[in-house]
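The structure appears below as structure tokens.
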Amino acid sequence: MFLCYVTCAKDISDYNQSNMAHCGDSNVTIRQTPIQAFYAGQSIFITGGTGFLGKILIEKLLRSCPDVSKIYVMVRSKKDKSAATRLDEIFESPVSISIIFHLAANIRFNNDIKSATVLNVVSTRAVLNLAKCMPNLKSFIHVSTIYTNCLVKHGEERFYKYLIKPEEFITLVQTSSESMINETLSRNISQWPNSYTFTKAIAEIVVKNNGESLPIGIFRLPAGTARGMGGQLSLFDRNLAPVSKGLLRFIMCNSDCKSSVTPVDITINALIARAWDVFNQPQRRGDNMLIYNYVSTNDAPLTYGDFFFYAQLSYQKYPIKSCYWVPTLTDPKQSYIYNMHLVRPPITCFNYRFLWKMHRYSTKVYETLSVSMKKYSCKRYFTCFRMWKLYKRIHDYCNSVEYFLVREWTYTDNNVHAMWQSMSENDQLLFNFNLKGFNWLKHVDNIIKGMRLYLFKEDLSTLEASRIKWKRLYWIHHATKFVFIFIVV
């Protein structure tokens, strides 16, 4: 069964807040904003509610839309009950749902095409069919990725045409082997860097073909979103961990390219406002469906070079006590080793393999010395094995994101700006998603502090000791470079 989730309804009446605020000895009535009024009394259905975006969406709805009636969250099935059974038990009356956020997706870049299709295409069609049974539906937001059409250099807020039809594609996937699928679709799939972006592109056409009669809009997000201080860390945040540990020191990247990454807190504000905007524009259906490209490249441009520079500053202020080496990161445009060949060489070229071997061999030397110092203890052997596995994961990650780090896209975001202008001043304060003037340096600072606290479990009490270790590693790092240059020369 493709539907590997069940719904879990939670009556949030206990969370509802009064619309009265106490000011001195008088009670002042606080009026709802237009967006709060839109959500008041509504039942919301969220797929992917247990994921990173889903958790923050639920948190924001509970805090800023206190009069929401119910939130239904789709989660994975339990061992003793199938998805269908729990769906029948908990989600008994779909007609009560009025707002849908379809966030559920498999974002793994290296997934096989069959798994990616089931999770990103077939499940989208199922949710759309379910939505057609909801006569009270006011708004449906399908969350997509800004990279669905990465084969073009400029992304517009419209649908794109593809050679393959969604229904034929689904039938092929459900009735054929993996090899047969790849052989049949080789020309189509090869245009996209991975199965994730390809299946999300097909999913958008599924939304177009199956959602013509629905109040639906598509919200395209960057592939990774960053969050500052907070208990939730995104995949983007966690990918900075190998750098902060001193394990990842080279990455295939063009430092002059602009990143489209957006802070997730602001992204969720935009997502909530989208549902309201779709409801207010009933004329935008079918081919004229509202599509939002939400990126930072237009209003708050950030190059990868600037991002890594800000991160480097933050690593110095908030170093990790458990780091192996001083955090440094070199991209090909700044490395003379990469310049021996192409400026943007493919992942299989000599220089990247050479740098990868530098990673592996330096780790092997480090672990060999550790094993020797510990008299070949079993514990050290296991540590060495773990380090090899860790570097394999780091290498796989660098391989999967290289396509996006060496290219730059531009986007049209007129629908995003038009919605911002249509919002009231109070809604703009409560659901602020305007990125103009955004302070990236402060935000990266918060990311590193949050990673240090929530991922590595290092509170402020260890900060002084971490800084002392960082200074020691810093001088060891430069001494090592000096010795290496002396030997080579």
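No hydrogens, no waters, no symmetry mates; every other heavy atom, side chains included, goes into these values. Computed from a prediction, not measured in an experiment: that's the story for all the values here.
Of the possible donor and acceptor atoms, one in the side chain of Trp192 sits under 3.5 Å from a partner among the backbone N and O of Thr148. Arg452 contributes a side-chain N or O that, together with a main-chain N or O of Asp459, makes up a donor-acceptor pair within less than 3.5 Å. Proximity of a side-chain donor or acceptor of Lys469 to a complementary backbone N or O of Cys323 within less than 3.5 Å is detected. Judged by distance alone, the side chain of Thr412 and the main-chain N or O of Asn414 form no donor-acceptor pair under 3.5 Å. Judged by distance alone, the side chain of Lys200 and the main-chain N or O of Val143 form a donor-acceptor pair under 3.5 Å. When atom types are taken as modelled, the side chain of Gln312 and the backbone of Tyr310 share no donor-acceptor pair closer than 3.5 angstrom. Distance alone, capped at 3.5 Å, places no donor-acceptor pair between the Ser144 side chain and the Ile218 backbone. Remark: side-chain polar atoms of Arg467 are paired, donor with acceptor, to backbone N or O of Lys317 under 3.5 angstrom. Remark: side-chain polar atoms of Tyr411 are not paired, donor with acceptor, to backbone N or O of Ser296 under 3.5 angstrom. Ser115 contributes no side-chain N or O that, together with a main-chain N or O of Asp112, makes up a donor-acceptor pair within less than 3.5 Å.
Leu61 has its side chain within reach of Tyr39: a pair of non-hydrogen atoms, C-beta onward, lies under 4.5 Å apart. Side chains of Tyr324 and Leu247 form a contact here, defined as non-hydrogen atoms less than 4.5 Å apart. Counting heavy atoms from C-beta on, the side chains of Phe198 and Pro193 never come closer than 4.5 Å. Using a 4.5 Å cut-off on side-chain heavy atoms (C-beta onward), Phe431 and Ile268 make no contact. Annotation: side chain of Ile448 is in contact with side chain of Met451 (closest heavy-atom distance under 4.5 Å). Looking at heavy atoms from C-beta onward, Phe433 lies in side-chain contact with Trp420 at the 4.5 angstrom threshold. In this structure, the side chains of Pro263 and Phe438 come closer than 4.5 Å at one or more pairs of heavy atoms. Counting heavy atoms from C-beta on, the side chains of Tyr196 and Asn106 never come closer than 4.5 Å.
Partner of Arg220 under the side-chain contact (heavy atoms from CB on, under 4.5 Å) criterion, chosen from Val295, Thr145, Ile291, Val416: Ile291. Looking at Thr410, Asn293, Asp413 one by one, the single match for side-chain hydrogen bond (donor to acceptor under 3.5 Å, both in side chains) with Asn298 turns out to be Asp413.
Qualifying side-chain contact (heavy atoms from CB on, under 4.5 Å) partners for Pro301, counting only residues two or more places apart in sequence or in other chains: Lys258. Residues satisfying the side-chain contact (heavy atoms from CB on, under 4.5 Å) test with Lys442, not counting sequence neighbours, are Asn439, Asn446. Applying the side-chain contact (heavy atoms from CB on, under 4.5 Å) rule to Thr117 yields the partners Ile113, Val121, Val122, Phe169, Val173, Thr199; only residues at least two apart in sequence or on another chain are considered.
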Next on the checklist: Could you walk me through whether Phe307 and Cys253 satisfy the side chain to side chain contact (heavy atoms under 4.5 Å, CB included) test, starting with their C-alpha distance in whole Å, then the side-chain angles of each, then the deciding distance to 0.1 Å, before giving a yes or no?
Outcome noted: CA-CA 12 Å; Phe307 178 81; Cys253 175; over 6 Å; no
Next on the checklist: Using the rule given for side chain to side chain contact (heavy atoms under 4.5 Å, CB included), can you reason through Ile97 versus Ile44, listing the C-alpha separation, both sets of side-chain angles and the distance that settles it, and then say yes or no?
Outcome noted: CA-CA 6 Å; Ile97 299 298; Ile44 303 174; over 6 Å; no
Next on the checklist: I'd like to know whether Thr480 forms a side chain to side chain contact (heavy atoms under 4.5 Å, CB included) with Ile476, so could you lay out the CA-CA distance, the side-chain angles of the two residues, the decisive distance to 0.1 Å, and finally the verdict.
Outcome noted: CA-CA 6 Å; Thr480 303; Ile476 294 174; 4.0 Å; yes
Checklist entry - Does the pair Phe219 and Leu290 meet the rule for a side chain to side chain contact (heavy atoms under 4.5 Å, CB included), with working shown? => result CA-CA 9 Å; Phe219 189 29; Leu290 278 167; over 6 Å; no
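More than 12 heavy atoms of other residues, nucleotides or ligands shown are found within 6.0 angstrom of CG on Leu313. In the displayed structure, Phe309 atom CZ is contacted under 6.0 Å by at most 12 heavy atoms of other residues, nucleotides or ligands.
Considering every non-hydrogen atom in both Trp440 and Ala300, the closest pair reads NE1-O, 3.0 Å. Nearest heavy-atom pair across Leu455 and Ala241 is CD2-CB, 3.7 Å. Taking each heavy atom of Val278 and Ser139 in turn, the nearest pair found is CB-OG, 3.7 Å. For Ile35 against Met423, the heavy-atom pair with the smallest separation is CD1-CE, 3.9 Å. Of all non-hydrogen atoms in Ile146 and Pro222, the two that sit nearest each other are CG2-CA, 3.6 Å. Of all heavy-atom pairs between Ser466 and Ile320, the closest is OG-C, 4.1 Å.
Of the inter-residue distances, the one linking Cys65 atom SG with Ile272 atom CD1 reads 5.5 Å to the nearest 0.5 angstrom. Rounded to the nearest 0.5 angstrom, Asn269 CG and Asp427 CG are separated by 10.5 Å. A distance of 8.0 Å separates CD in Glu408 from OG1 in Thr297, rounded to the nearest 0.5 Å. Note: Ile46 CD1 to Leu53 CG = 11.0 Å, rounded to the nearest 0.5 Å. Taken from CG in Asp445 to OH in Tyr315, the straight-line distance is 11.5 Å, to the nearest 0.5 Å. Expressed to the nearest 0.5 Å, how far CD1 of Ile100 lies from CD1 of Ile216 amounts to 8.0 Å.
Classification of the Phe404-Phe109 ring pair by plane angle, with boundaries at 30° and 60°, yields tilted. The aromatic rings of Trp470 and Tyr474 lie parallel to each other, their planes meeting at an angle below 30°, with 60° marking the opposite boundary. Ring planes of His477 and Trp325: perpendicular class, angle over 60° (limits at 30 and 60°).
A salt bridge links Glu59 and Arg63; the closest N-O separation between the charged side-chain nitrogens and carboxylate oxygens is under 4.0 Å. A salt bridge is defined here as a Lys NZ or Arg NE, NH1 or NH2 lying under 4.0 Å from an Asp or Glu carboxylate O, and Lys321 with Glu458 fails to meet this definition.
For the residue pair Ser195/Asn111, the side-chain donor-acceptor check at 3.5 Å is not satisfied. In summary, the side chains of Ser260 and Tyr147 do present a donor paired with an acceptor at a separation below 3.5 Å, with no hydrogens or angles considered. In this structure, a donor-acceptor pair under 3.5 Å is present between the side chains of Asp67 and Gln32. Inspection of the Thr303 and Asp256 side chains reveals no N or O donor paired with an N or O acceptor under 3.5 Å.
With Tyr403 as the aromatic partner, Arg407 meets the cation-pi criteria of under 6.0 angstrom to the ring centre and within 45 degrees of the ring axis. Taking the ring centre of Phe279 as origin, the terminal cationic atom of Arg274 falls outside the region bounded by 6.0 Å and 45° from the ring axis. Under the 6.0 Å distance and 45° angle rule, Lys153 counts as a cation-pi partner of Trp409.
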